[in-house]
Number of protein chains: 2
Amino acid sequence: MNYSVVVVDDHFLLSQAIGGLVQEFKNFDVLYLCKNGQELLDKFENPKNIPDLVLMDIKMPILNGIETTEKLKKDFPDVKVLALSIEEDEYTILKMLRAGAKGYLMKDTKKDILEKALLEVIQNGQYYTNTVSKILMESIEKNIDTEIKDKELEFIKLACTDMSYKEIAETMFCSYKTVEGYRDSLYKKLGIKNRIGLMLFAIHHNIFTP
Amino acid sequence: MNYSVVVVDDHFLLSQAIGGLVQEFKNFDVLYLCKNGQELLDKFENPKNIPDLVLMDIKMPILNGIETTEKLKKDFPDVKVLALSIEEDEYTILKMLRAGAKGYLMKDTKKDILEKALLEVIQNGQYYTNTVSKILMESIEKNIDTEIKDKELEFIKLACTDMSYKEIAETMFCSYKTVEGYRDSLYKKLGIKNRIGLMLFAIHHNIFTP
DNA sequence: TTTTTAAAGGGGGAAATCCCCCTTTTTTTA
DNA sequence: TAAAAAAAGGGGGATTTCCCCCTTTAAAAA
């Protein structure tokens, strides 16, 4: 009996293509494809649709990979989640792992690595590449996970667009003064003095990719 | 006789997966896969390796999609290039089309659209989605004269550091008001509204590399 | 050589950003 | 459950940035 896999990705071409690859592997079958986390949870209402493993993208509309993985961890702890994303910043990767992902595949993954990762997650419960391990180590050294809060991260990404703080506040559904609070606290703890400095920080830490 | 296709993408998993999809289409065969533009040009030294169509990613190491497409246009004008990228800004899409790409596929492409695009490029010489057409129209309407003076270029580079304009003026040995002049003139002709916008422009145009 | 154009600099006001110090509410932790 | 910490929001002033409209001087074109 083969292991069942579900691919969740809003990127049609990718989910179809990756599904095709997985179907070729001899120990795996693709159960179905989903466009976002909500679609996956809806599917799970029928126990027949619960797979052994979910290949999960992170950036998705409606319900993203992190939230979805958290829900799965709570309600379906036996389903393994393997994050599979084009390119994300280290903070996002960290969040995904903390949410319960058993591994994280990067954009430079080869076909046989994907197969190896799938097998290892099924058999050993996890698969971490060197890159991911390095990020984990760095996060412990720098203890960045306590340094930058969720909302602050969201703010940083918006601060890397040409929006004014007023516009950012509207986008984040909070007051202008709250946004100023995020900014001031970041400037203080990162030792920067203006928005350009914040943007440079974001770029150097892969929070924002131009 | 089927049409031959080459996929150029530094993202292994993707190039393999997309290659797999294309191989399924009845009129197309995948000749080989490349990790970047240089690898493709090296391959082309043997005439047997010259395909009918290249599916080209834009952001790649060593030799990117734009530079590669320009070289192909010059040396191998019969090879059709179809840009296939996850998500890029308008300016990049425009550069790719100007470099000679016959079309541009976005991230929300479905399998059958890919097939349709491949066929159209082979048969009609081009395939433009609505999104791409819209960008093309806008670029004609705007037709910004992107002529950037020497001093302005120097200013842009300094504006990408966390210096204030006063500090930039000191660095450039000119008055604060002159620096403001450079800024105002750039904002006007580039259609941007603040320093973050200028920095984004600088990055997209390789004036500043973070 | 005159005319036009561009570069450098300036005035001044409006808006945005930066910086501290403060309160209230919610959440965590001991 | 009480104490501590974090999140959200605010006041207010200093500074910087943004945006027009203006003058002088140097360079280029007619």
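Naming convention: chains lettered A, B, ... in sequence-line order (proteins, then strands); numbering from 1 in each chain.
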Colleague: Between C:dC18 atom P and A:Met199 atom CE, what is the distance in whole Å?
Modeller: 13 Å
Colleague: Determine the contact category for B:Tyr176: base if any of its heavy atoms lies under 4.0 Å from a base atom, sugar-phosphate if only primed atoms, P, OP1 or OP2 are that close, otherwise nothing.
Modeller: base
Colleague: Which whole-number value in Å describes the distance from A:Lys193 NZ to D:dA14 C1'?
Modeller: 16 Å
Colleague: I'd like to know if the side chain of A:Asn49 and the backbone of A:Phe44 have a donor-acceptor N/O pair within less than 3.5 Å.
Modeller: no
Colleague: Among D:dT17, C:dG9, C:dC19, find the nucleotide with the atom closest to the side chain of B:Cys174.
Modeller: C:dG9
Colleague: Rounded to whole angstroms, how far apart are CG on A:Asp184 and C1' on C:dA16?
Modeller: 13 Å
Colleague: What nucleic acid atoms does B:Phe173 come within less than 4.0 Å of, heavy atoms only: base, sugar-phosphate, or nothing?
Modeller: nothing
Colleague: Between the side chains of B:Lys177 and B:Glu180, is the shortest nitrogen-to-carboxylate-oxygen separation below 4.0 Å, so that they form an ion pair?
Modeller: yes
Colleague: Among C:dC18, D:dA6, D:dT17, which nucleotide sits nearest the side chain of A:Lys149?
Modeller: D:dA6
Colleague: In whole Å, what is the span from the CG atom of B:Leu158 to the P atom of D:dT17?
Modeller: 13 Å
Colleague: Could you state the atom-to-atom distance from CD of B:Glu167 to P of D:dT16 in whole Å?
Modeller: 9 Å
Colleague: What does A:Arg183 touch in the nucleic acid at a heavy-atom separation under 4.0 angstrom: a base, only the sugar-phosphate, or nothing?
Modeller: base
Colleague: If you only use heavy atoms from C-beta on, which nucleotide in C:dG11, D:dT16, D:dA8 is closest to the side chain of B:Lys166?
Modeller: D:dT16
Colleague: Output yes when a side-chain donor or acceptor of B:Tyr187 lies under 3.5 Å from a complementary backbone atom of B:Arg195, and no otherwise.
Modeller: yes
Colleague: Regarding A:Lys188, tell me which of base, sugar-phosphate or nothing describes its non-hydrogen contacts under 4.0 Å with the strands shown.
Modeller: nothing
Colleague: Salt bridge between A:Glu167 and B:Lys193, side-chain N to carboxylate O under 4.0 Å?
Modeller: yes
Colleague: Which comes earlier along DNA chain C counting from the 5' end, the contact point of B:Glu180 or that of B:Lys151, where each point is its nearest nucleotide?
Modeller: B:Lys151
Colleague: Of the options C:dC18, D:dA8, C:dG9, whose atoms approach the side-chain atoms of B:Ser175 most closely?
Modeller: C:dG9
Colleague: Taking the minimum atom-to-atom distance to the side chain of A:Lys177, which one of D:dA8, C:dG10, D:dG11 wins?
Modeller: D:dG11
Colleague: Closer than 4.0 Å, any side-chain N/O of B:Tyr165 to the OP1 or OP2 of D:dC18?
Modeller: yes
Colleague: Reckon A:Tyr187 has a side-chain N or O less than 4.0 Å from the OP1 or OP2 of C:dC19?
Modeller: no
Colleague: Taking the basic N atoms (NZ, or NE/NH1/NH2) and the acidic carboxylate oxygens, is any pair closer than 4.0 Å for A:Glu152 and A:Lys157?
Modeller: no
Colleague: Let's see if you can work this out: which of C:dA8, D:dT16, D:dA8 has an atom nearest to the side-chain heavy atoms of B:Ser164?
Modeller: D:dT16
Colleague: For A:Arg195 and C:dC18, is the shortest distance between a side-chain N/O and OP1 or OP2 below 4.0 Å?
Modeller: no
Colleague: Quick one: A:Phe155 CZ to D:dA7 C1', roughly how many Å, whole number?
Modeller: 15 Å
Colleague: What is the distance, to the nearest angstrom, from the CG atom on A:Leu186 to the P atom on C:dC19?
Modeller: 13 Å
